[in-house]
2 protein chains.
Amino acid sequence: MSVATVDHDMLSALSRQLRVDAVRAADYAGSGHPTSSLSAADLMAVLLAGHLSYDFEATQNPANDHLLFSKGHATPLLYAMYVAAGAVSSEELRWYRSSGSRLQGHPTPALPWVDVATGSLGQGLGIGAGIALAGLRFDRRDFRVWVLCGDGELAEGSMWEAFEFAGHERLRNLTAIVDVNRLGQRGPTRHGWDTAAYARRIAAFGWHTVEIDGHDVDQIDAAYAEAAESDRPTAVLARTRKGKGVRAVEDAEGAHGKPVPDAETAIAELGGRSAIRVDVAAPEYEQPTRPADAGTGSNLAIPVYEQGHDVSTRTAFGQALAAMGHARPDLVVLDGEVSDSTRTSYFEAEHPDRFVECYIAEQQLAATAVGLAVRGWTPFAATFAAFWSRAYDFVRMAAVSGVGLCLVGSHAGVSIGADGPSQMGLEDLAAFRALWRSTVLYPCDANSTAHLTAAMSEHPGLRYLRTTRGEVPVVYGPEETFPIGGSKVLRSSAADDVTIVAAGITVHEALRAAELLDDEGVRARVVDLYSVKPVDVATLRQAAADTGRLVTVEDHWPQGGLGDAVLDALTGSTVMPAVLKLAVLALPGSATPAEQLCHAGIDADSVVDAVRDLMSESG
Amino acid sequence: MSVATVDHDMLSALSRQLRVDAVRAADYAGSGHPTSSLSAADLMAVLLAGHLSYDFEATQNPANDHLLFSKGHATPLLYAMYVAAGAVSSEELRWYRSSGSRLQGHPTPALPWVDVATGSLGQGLGIGAGIALAGLRFDRRDFRVWVLCGDGELAEGSMWEAFEFAGHERLRNLTAIVDVNRLGQRGPTRHGWDTAAYARRIAAFGWHTVEIDGHDVDQIDAAYAEAAESDRPTAVLARTRKGKGVRAVEDAEGAHGKPVPDAETAIAELGGRSAIRVDVAAPEYEQPTRPADAGTGSNLAIPVYEQGHDVSTRTAFGQALAAMGHARPDLVVLDGEVSDSTRTSYFEAEHPDRFVECYIAEQQLAATAVGLAVRGWTPFAATFAAFWSRAYDFVRMAAVSGVGLCLVGSHAGVSIGADGPSQMGLEDLAAFRALWRSTVLYPCDANSTAHLTAAMSEHPGLRYLRTTRGEVPVVYGPEETFPIGGSKVLRSSAADDVTIVAAGITVHEALRAAELLDDEGVRARVVDLYSVKPVDVATLRQAAADTGRLVTVEDHWPQGGLGDAVLDALTGSTVMPAVLKLAVLALPGSATPAEQLCHAGIDADSVVDAVRDLMSESG
């Protein structure tokens with residue numbers, strides 16, 4: 001399709017209306033980004049009228065194109081497009097940025113046409129690449145992915161991870177439309193209007209590039225048509241003027257992120273209000289046969305491990321994932337070039353068609369997973385726990401979007417041994433707990449890991465599984481269940497003196513400590529808090545009430561992890577127990593795993609010492 | 001300098017020795033990355049013998065070059081270089097990766113010749129660019145910065161932020177030496193031996209590039225000489241063979257990150273052990289007149305605000321920083337293209353020569369700051385609190401390095417208003433608390449902000465200041481002091497019923513709640529916990545003992561922030577009070593600041609309700 005079928009007068013009227021509605025929206029709100037919207041109005045008018053294939057009345061149609069505003073602040077334009085498409089009433093713009101309105105300052109999936117929340121710059125293109133990959137490789141459907149990018153956000157490294165990924169995967173169904181309006185929030189961007197500077201860089205990453213005047217509808221139309229014909233992803237580098245069409249702000253510094261000074265004059269200057277309705281071309285309806293609907297794992301046989309055998313939880317995760325792959329055609333596994341370490345290589349070996357290598361680019365690893373989830377796939381993405389810190393902003397925004405993601409972090413904690421602090425995830429529990437509706441799991445043995453790997457795949461929202469490098473004994477029998485939000489009391493009696501709360505590697509230290517304490521006549525209850533968030537409040541409070549003393553022990557910095565989760569669970573209970581938190585208290589260097597646990601003060605002997613302290617203080 | 005002065009036989013013997021020592025080190029340790037070291041041995045032999053200008057006996061010489069191993073896992077090679085330079089004894093390699101050894105698995109500043117900890121890939125080049133910028137623009141010294149990079153890490157977006165930054169700043173003193181050994185940890189990299197693919201990309205970012213055979217010492221020598229002549233940063237793309245020189249592992253998959261299978265045979269194959277000592281060319285000694293020594297701010301006059309006036313804490317931060325710039329010639333301020341919002345624009349206006357624009361590239365923002373700190377400058381880097389999540393891995397590693405950094409996050413919390421969740425820092429307290437020896441500050445008014453901005457500049461390690469967008473009343477008089485680790489009791493009496501602990505924006509809600517409670521005959525103590533880490537344990541415990549009930553209230557998710565810091569401070573105290581934590585409990589959308597605080601359940605009314613609940617439960 002192309003604007004050859006649409007007349008220029010209509011397009012120019014549509015551009016004007018988009019501009020007027022963008023100005024109106026920000027004016028009603030008294031805030032927002034109209035100037036960033038005005039620059040891209042022509043680009044979006046031509047897209048809406050001539051190239052976007054989207055059924056606003058059947059958002060579930062899997063043949064629909066995807067449109068992402070990577071420059072998420074341009075919502076005045078996005079919502080003006082929805083008005084022009086008849087999806088939102090012109091009246092609703094009055095509530096832009098108001099409390100309770102779905103027309104928020106930055107797009108979120110509160111709107112049915114928005115796939116993911118954007119607004120943290122540099123994320124939309126990578127997620128669009130993930131959606132495009134799903135289209136070509138997994139859905140095998142012909143939809144296109146259009147991503148409106150700002151020029152300022154091209155400074156983000158994540159954009160270059162996306163360019164590299166999309167270029168390498170030859171995502172011909174992906175088009176980046178870059179609104180090169182030369183002005184950032186505080187002044188000129190690094191490259192100003194030098195679209196050639198961007199084109200050189202992007203072309204070097206294997207993309208087709210087109211440089212155009214972003215206010216010339218014929219050039220825009222031709223560029224989009226060229227993109228549709230390309231066998232590679234295309235970047236349309238459109239030279240535009242920020243605030244275009246409103247003299248008071250056009251190409252002016254200091255006009256970012258605020259309403260235009262005199263909306264009435266601006267609207268008159270733009271030709272006044274209109275009520276153009278674009279019939280956006282809707283694709284044929286296709287049955288949404290998404291793989292997630294294909295099976296829910298009834299024939300799932302996860303691996304079972306014999307009690308007492310030594311198996312690392314990362315291995316159990318990898319083996320469970322590989323087994324799940326047979327029952328769950330919706331699973332796709334993504335790697336950050338560490339699959340041999342995280343053990344996603346086991347899945348790759350059995351399901352190479354559903355394995356995506358993202359190389360050492362954790363932001364794109366997360367973005368690809370988000371894109372696959374948008375298309376209904378169930379992505380598992382794994383890297384070292386420490387390296388998820390590289391993608392923290394992507395994960396944060398995925399949580400805001402409510403996207404269903406399974407993330408796995410291996411090599412958690414000091415117990416990895418000699419590699420030292422750069423490779424140790426010691427802040428991941430804190431980081432993942434502090435995200436909207438996240439789930440944080442940290443199993444101690446192979447059977448619980450296999451169960452939780454299966455359980456997390458059917459849980460909503462952002463889920464994080466923390467695995468451990470070294471081998472540990474299998475603690476649980478195969479009949480045990482591990483509901484998310486639960487815990488396991490591994491030792492208890494009617495007369496326990498103290499409760500030791502642990503998870504992952506420290507469960508084994510806690511069990512050893514309990515044995516050592518037995519010899520001293522101290523009875524210790526041991527709780528395996530494998531679900532760090534949500535946490536089993538009832539069991540913890542019961543333990544607090546029964547024993548009056550708690551020691552928490554975790555292979556993590558003292559802040560924001562297991563210990564804090566326990567303290568939080570105890571707030572609001574009528575009687576607070578005496579609590580001692582054990583966590584990593586010294587900067588680790590190289591050492592054996594056992595030495596590391598000892599130096600960190602989280603081994604069995606440290607737990608015994610802590611219990612003794614607690615007994616003598618509160619005895 | 002060039003290897004023209006060194007004979008080929010000597011160089012080839014040196015390469016062999018570096019390889020032998022790398023093999024030996026990993027063999028002693030039983031772990032490590034010898035194959036990643038073998039590929040780069042010739043590159044480093046030529047550098048050490050012919051181009052590096054470094055005085056191993058005067059590490060404080062400001063004329064010294066800097067050598068960073070961005071591929072930090074190649075420590076067997078790095079330490080072999082130290083042996084060849086006579087800085088480390090050959091014997092010490094026996095302790096490689098042992099407990100207590102400074103020869104850790106990945107480099108850390110435990111060694112005097114290591115500037116920063118590396119090992120999380122993709123960080124060394126950006127930090128090297130920061131050091132190079134310091135050299136050209138601030139130190140104005142002639143040292144060079146050499147960064148050994150892996151090919152795998154070129155997938156990281158942070159590398160492209162670094163290429164863009166260094167290209168734009170024309171850092172001619174920076175050389176990236178890319179060891180293109182084609183094999184990552186799990187198999188082939190994306191581009192294999194296609195050095196042209198890398199060269200195209202890097203050249204597009206404004207660098208000079210040279211493609212060479214990384215085992216040909218003449219080519220290597222010529223490339224380094226060319227780099228020294230270039231008016232731009234240079235990338236030497238060296239085609240190498242992983243495991244070079246050891247038949248059992250050369251160019252073999254599955255040989256990453258482990259000792260070579262038969263070290264004795266490998267050492268024999270390499271020609272056996274030797275004891276070559278390279279006289280590394282030392283630069284003339286220069287006086288280390290670092291700006292940090294120039295003044296400690298005795299003539300510092302930070303701004304003073306009148307009580308009751310409305311001033312945002314971000315504004316006070318910006319004004320304090322600008323004032324400090326006059327007394328502190330060591331201050332350098334860095335921006336992520338949001339200086340108008342964070343208010344670092346005030347500093348820029350008065351000290352444009354010490355303002356560095358990093359554009360929207362938060363990883364490079366952090367990396368540049370680290371580089372400046374390495375050179376003795378005192379960097380303040382600011383962006384939105386939410387966007388520090390983009391640089392979390394860099395910040396994590398800076399903490400491991402123990403580098404002195406001042407980071408500032410503006411627009412914290414739901415109180416920013418209509419922009420919505422993408423712009424709200426709601427996890428930053430958790431993220432920054434969970435870092436090694438970090439300091440986390442969160443002032444509530446202009447005077448405390450100004451004081452803490454000054455205080456943080458003289459504090460060691462990683463420091464984070466959280467500022468707020470909206471205007472708030474000035475609470476404190478100009479005579480008040482705000483030591484790091486302290487707090488302020490804003491209201492108290494001998495008969496307080498409850499303590500409300502708040503920080504930042506919620507201090508004002510707490511004060512209003514206390515007034516409302518007064519009317520009900522409930523006496524509330526109010527604590528301003530402006531130092532979230534370290535936290536004022538004594539004051540909190542005293543309040544707990546005095547009032548028996550605590551309400552914490554914070555503009556942050558419930559996990560890992562102020563409330564958890566308070567709970568942690570109370571553990572170990574003999575009597576635990578009843579505690580209720582108030583934090584953001586719903587996903588915010590757009591709304592006014594007041595509406596946001598209300599919806600989140602952290603406004604004055606919510607505090608009053610919480611106190612009532614607590615009084616009725618524990619009354």
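So that the names make sense, note that chain A is the first sequence line, chain B the second, and so on, each numbered from 1.
Of the atoms belonging to Glu362(A), heavy atoms from both backbone and side chain fall under 4.5 Å from chain B. Both the backbone and the side chain of Trp436(B) come within contact range of chain A, with heavy atoms under 4.5 Å apart. Proximity to chain A (any heavy atom under 4.5 Å) is shown, for Phe205(B), by both the backbone and the side chain. Of the atoms belonging to Arg396(A), it is side-chain heavy atoms, and not backbone ones, that fall under 4.5 Å from chain B. Of the two parts of Thr75(B), neither the backbone nor the side chain holds a non-hydrogen atom closer than 4.5 Å to a non-hydrogen atom of chain A. For chain A, no part of Ser101(B) is nearby; none of its heavy atoms comes within less than 4.5 Å. Neither the backbone nor the side chain of His73(A) has a heavy atom closer than 4.5 Å to any heavy atom of chain B. Using a 4.5 Å cut-off between heavy atoms, Glu156(B) touches chain A through backbone and side chain atoms alike. Of the two parts of His599(B), only the side chain, counted from C-beta on, holds a non-hydrogen atom closer than 4.5 Å to a non-hydrogen atom of chain A. Interface remark: Phe163(B) contributes no atoms to any contact with chain A (heavy atom separation under 4.5 Å). If you measure heavy-atom distances from Pro107(B) to chain A, you find no contacts under 4.5 Å at all. Looking at His256(B), neither its backbone nor its side chain comes within 4.5 Å of chain A, counting heavy atoms on both sides. Both the backbone and the side chain of Glu164(A) come within less than 4.5 Å of a heavy atom in chain B. Heavy atoms closer than 4.5 Å to chain A are found in the side chain of Ala431(B), but not in its backbone. Arg97(B) touches chain A through backbone and side chain together, each having a heavy atom under 4.5 Å away. When heavy atoms are compared at a cutoff of 4.5 Å, Asp428(B) does not approach chain A at all. For Ser345(A), no part sits under 4.5 Å from any heavy atom of chain B, backbone or side chain. The contact between Gln123(B) and chain A is made by backbone and side chain atoms together, counting heavy-atom distances below 4.5 Å.
Using cut-offs of 30° and 60° on the angle between ring planes, the pair Tyr392(B) and Tyr392(A) is tilted.
Contact count versus chain A (heavy atoms, under 4.5 Å) is highest, among Ala386(B), Ala430(B), Ala117(B), for Ala386(B). In terms of heavy-atom pairs under 4.5 Å with chain A, the best-connected choice from Arg102(B), Glu153(B), Met159(B), Arg390(B) is Arg390(B). Of the residues considered (Gln104(A), Arg200(A), Gln185(A)), Gln185(A) shows the highest number of contacts with chain B, using heavy-atom pairs under 4.5 Å. Per-residue heavy-atom pair counts under 4.5 Å with chain B were compared for Gln596(A), His33(A), His191(A), and the maximum is reached by His191(A). Of the listed residues (Gly184(B), Gly402(B), Gly561(B), Gly420(B)), the greatest number of heavy-atom pairs within a distance under 4.5 Å of chain A belongs to Gly184(B). Contact tally against chain A (heavy-atom pairs below 4.5 Å) for His556(B), Gln364(B), Gln423(B), Lys533(B): the top residue is Gln423(B). Ranked by non-hydrogen atom pairs under 4.5 Å with chain B, the options Leu567(A), Asp419(A), Leu435(A), Thr571(A) are led by Asp419(A). Most heavy-atom pairs under 4.5 Å with chain B: of the set Gly152(A), Gly105(A), Ala155(A), this distinction falls to Ala155(A). Chosen from Gly417(B), Gly157(B), Ser341(B), the residue pairing most often with chain A at heavy-atom distances under 4.5 Å is Gly157(B). Among Thr592(A), Leu426(A), Val338(A), Thr108(A), the residue with the largest count of heavy-atom pairs under 4.5 Å with chain B is Val338(A). Note on Arg190(B), Glu595(B), Glu161(B): by heavy-atom pairs under 4.5 Å with chain A, the leading option is Arg190(B). Between chain B and the options Gly560(A), Ser31(A), Ser98(A), the largest number of non-hydrogen pairs under 4.5 Å is found for Ser98(A).
The distance from the OG1 atom of Thr189(A) to the CG atom of Asp151(A) is 4.5 Å, given to the nearest 0.5 Å. A distance of 11.0 Å separates NZ in Lys71(A) from NE2 in His106(A), rounded to the nearest 0.5 Å. Annotation: the span from Glu427(A) atom CD to Phe432(B) atom CZ amounts to 12.0 Å, rounded to 0.5 Å. Considering CZ of Phe394(B) and CG of Leu365(B), their distance stands at 10.5 Å, rounded to 0.5 Å. For the atom pair OG1 (Thr383(B)) and CD1 (Ile360(B)), the distance works out to 8.5 Å, reported to the nearest 0.5 Å. The line from CZ of Phe384(B) to OG of Ser120(A) is 10.5 Å long, rounded to the nearest 0.5 Å.
Using a 4.5 Å cut-off on side-chain heavy atoms (C-beta onward), Arg343(A) and Glu348(A) make no contact. Looking at Tyr198(B) and Leu154(B), their side chains come closer than 4.5 Å, going by heavy atoms from C-beta outward. Side-chain contact between Met397(A) and Ser389(B) is absent, with no heavy-atom pair separated by less than 4.5 Å. Side-chain contact between Cys358(A) and Glu337(A) is absent, with no heavy atoms from C-beta onward closer than 4.5 Å. Residues Leu570(A) and Leu550(A) have side chains in contact (heavy-atom distance under 4.5 Å, counting atoms from C-beta outward).
The heavy-atom pair separating Ala565(B) from Val535(B) by the smallest distance is O-CG1, 4.3 Å. Of all non-hydrogen atoms in Ser158(A) and Gly122(A), the two that sit nearest each other are OG-O, 2.8 Å.
A salt bridge links Arg186(A) with Glu357(B); the closest basic N to acidic carboxylate O contact falls under 4.0 Å.
Side-chain polar atoms of Arg433(A) and Ser438(A) form no donor-acceptor pair below 3.5 angstrom.
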Identify all side-chain donor-acceptor contacts of residues 577-585 of chain A below 3.5 Å with residues at least two apart in sequence or on another chain.
residue	atom	partner	partner atom	Å
Lys581(A)	NZ	Pro558(A)	O	2.9
Lys581(A)	NZ	Asp564(A)	OD1	2.5
Lys581(A)	NZ	Asp568(B)	OD1	2.6

